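This report refers to the structure that appears directly beneath it.
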Amino acid sequence: MERAMTKIQKIKGFADLFPEEAAQYTRMEAVARDTFARYGFGELRTPLLEKTELFAKSIGEDTDVVGKEMFTFPDRKDRSLTLRPEATAGVARAFIESGAHQPGKVSKYFTFGPMFRYERPQKGRQRQFHQINAEVFGAPEAQADGELILMLRTFLNRLGLTKLTIELNSLGCHECRPGYRQALIDYYRSKDRRNFCEDCRRRMDTNPLRVLDCKVPACKELVKDAPVITDHLCDDCRAHFADVRAILDGAGAAYELNPRLVRGLDYYVRTCFEVSSHDIGSQTAVAGGGRYDGLIRNLGGPDCPGTGFACGMERLALLLGPAELPRPDFYLAVVDESAANEAMLFAQQLRDKGLTGEVSFGAGSMKSRMRAANKSGAKACLILGGSEVADGTVTVKYMAVEREQETLDREGYLASL
RNA sequence: GUGGGUGUAGCUCAGUUGGUAGAGCACCUGGUUGUGGCCCAGGUGGCCGUGGGUUCAAGUCCCAUCACUCACCCCA
């Protein structure tokens, strides 16, 4: 045969998940659903595609995500659309658009699904990746932040992940952050600018908080004695932060205070946190979130506070290892090929009884059938050969258990299930 | 966008100073009548990523290109 056309391959940074891997995601979603329901969160599904403007306004024009990482393209009428790079913007948009908000009312939503960012793929990072998200609207209280972090922790624990680090910080608000920002700039000016890395020399003017997060050793050293945000919080922010910590302390949830913790999206204020692991490559963030009290209003909605988190499923999958697929109840070995139709109909009856299993196809020896049954992991191999076809029976061979195989009347066997 | 690494059988990988390819696993068939796992024997399967170049001869050397991968950046 002639060589076919070039194989079409998937695009960079997009992955196919076959059953074993897909099962991990299904499990994460199931545990998330069950856990979040305990906290009164309802599922919200929003579109994968939104107007570009939504992300520009919410995430921030100057962020890397908006500046160079979005899948943006014009539609047929030349309107700029973008595949969502994160979930919060869309959820906030939906919340505002629904008009559901009333003063004093708290709304809690979770969502999960694919997000898209045009970055170079590496371990723990795909261009299409998946997040589990939770958002709380209408609750300015520290208790909402505390509940959210405890919920995230519970979710991770229930997945079996108990060795993750929770880092916590407060970013202050529009009252106290400017003062801190200035203090930072003053501090940088007291140092020799040339000793900072190239990125930081730029960042110290545009986004001085980011410099704190730099991984370049020289910068880390220079920044060691920089003023910390938590010393510059206003009274309200200080009290708010203390409450969040008190809740975590009271619940026995371990965390580390990290005054250098900064989020990459512009909308965060006050509470900010990150869950990390060092076992998944250089990308250590498993989940992250915080408070975004100004976001709803920025998007044209009411003056409504918000707080939430996002959790990266690819990174969880790296920690969780392979999922176990459920074992089927039967493997129907058809040894007499002329009974193929009869066998398929019998299998249908078994499935109507709620059993799981598959039927062999085509021709094959008894030995090959048994090997296939073994590989399928089925609890029982049901044999339909010449003699069974002749007298309406089926031979049941129990795999991996001490029990004699038996040949039974097919109708009677079905009735016994 | 910038670096490094890797592309040989379905999978994981060997392949010696250049002489047109091998292992393990997987798969298939057997080891007497219709019975799996372990073991044994045999077998199917490779344009050595792609395109050029050097050479009598290229999986091996050179160039280009594509893909994958790790890292930077940034983030979940």
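This structure is a prediction, so every number in the text was calculated from the model and none was measured. All chains are named by letter (A, B, ...) in the order of the sequence lines, taking the proteins before the strands, and each is independently numbered beginning at 1. Both backbone and side-chain heavy atoms feed into the values below; hydrogens, waters and symmetry mates do not.
- Atom CD1 in A:I280 sits about 12 Å away from atom C1' in B:C75, given to the nearest Å.
- Relative to the side chain of A:R120, the nucleotides B:C73, B:A76, B:G1 differ in distance, and B:G1 lies closest.
- Side chain to side chain, A:Y109 and A:N133 fail the donor-acceptor criterion of an N or O pair below 3.5 Å.
- Under a cutoff of 6.0 Å and an axis angle of 45°, A:R127 and A:Y118 form a cation-pi pair.
- Computed from coordinates, the A:I132 CD1 to B:A76 P distance equals 15 Å when rounded to whole Å.
- Nucleic acid contact for A:G281: sugar-phosphate only, since backbone atoms but no base atoms lie under 4.0 Å from a heavy atom of the residue.
- Distance noted for atom C1' between B:U8 and B:A67: 15 Å (whole Å).
- With no hydrogens or angles considered, a side-chain donor-acceptor pair links A:Q122 and A:S282 at under 3.5 Å.
- For the residue pair A:T154 / A:Y39, a side-chain donor-acceptor distance below 3.5 Å is found, with atom types taken as modelled.
- Rounded to whole Å, the distance from CZ on A:R127 to P on B:A67 is 10 Å.
- Straight-line distance between the P atoms of B:G30 and B:U44: roughly 16 Å, to the nearest whole Å.
- Comparing the same atom, P, in B:C48 and in B:A21 gives a spacing of 10 Å after rounding to whole Å.
- Ring centroid separation for the pair A:F137 and A:H101 does not come in under the 6.0 Å cut-off.
- Taking the P atom of each, B:G42 and B:G24 are spaced 11 Å apart, rounded to whole Å.
- A:E274 has its CD atom 7 Å from the P atom of B:A76, to the nearest Å.
- Donor-acceptor pairing under 3.5 Å is recorded for the side chains of A:E135 and A:Y292.
- Relative to the ring axis of A:F36, A:R33 does not place its NZ or CZ within 45° and under 6.0 Å from the centre.
- Contact check for A:F55 versus A:R84: side-chain heavy atoms found under the 4.5 Å cut-off.
- A:L319 places its CG atom 17 Å from the P atom of B:A76, with the value rounded to the nearest Å.
- Secondary structure note: stems in RNA chain B built from 3 or more consecutive Watson-Crick or G-U wobble pairs under 3.5 Å occupy B:1-7 with B:66-72, B:10-13 with B:22-25, B:27-31 with B:39-43, B:49-53 with B:61-65.
- Separation of the A:F196 and A:Y188 ring centroids falls under the 6.0 Å cut-off.
- One P atom belongs to B:U16, the other to B:U55, and the distance between them is 23 Å to the nearest Å.
- Counting non-hydrogen atoms under 4.0 angstrom, A:A373 reaches nothing in the nucleic acid.
- When the side-chain nitrogen and oxygen atoms of A:Q283 are compared with OP1 and OP2 of B:C72, one or more of them lie within a distance under 4.0 Å.
- Summary of the strand contacts: A:E86 and A:Y118 both lie near RNA chain B, and taking for each the nucleotide with the nearest heavy atom, the more 5' one is attributed to A:Y118.
- In this structure, A:K123 atom NZ and B:G5 atom C1' are separated by 15 Å, rounded to whole Å.
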Contact letters for nucleotides 33-41 of chain B, in which S counts primed atoms plus P, OP1 and OP2 and B counts the base, heavy atoms under 4.0 Å: -BBBB----
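- Atom-to-atom distance recorded for A:K10:NZ and A:I8:CD1 is 13.0 Å, nearest 0.5 angstrom.
- Side-chain atoms of A:R369 and A:S360 include a donor-acceptor pair closer than 3.5 Å.
- Atom CG in A:L318 sits roughly 12 Å away from atom P in B:U69 (whole-Å rounding).
- Side chain A:Q122 to base B:C73: a donor-acceptor pair is found below 3.5 Å.
- To the nearest whole angstrom, the two P atoms, one in B:G5 and one in B:A23, are 31 Å apart.
- If you take atom C1' in B:A58 and the same atom in B:U20, they sit 9 Å apart, rounded to whole Å.
- Ranking B:C73, B:C75, B:U2 by closeness to the A:A285 side chain, first place goes to B:C75.
- Between the P atoms of B:C27 and B:C72, the separation comes to 39 Å (whole Å).
- When the C1' atom of B:A76 is taken as reference, atom CD of A:E69 falls 12 Å away, rounded to whole Å.
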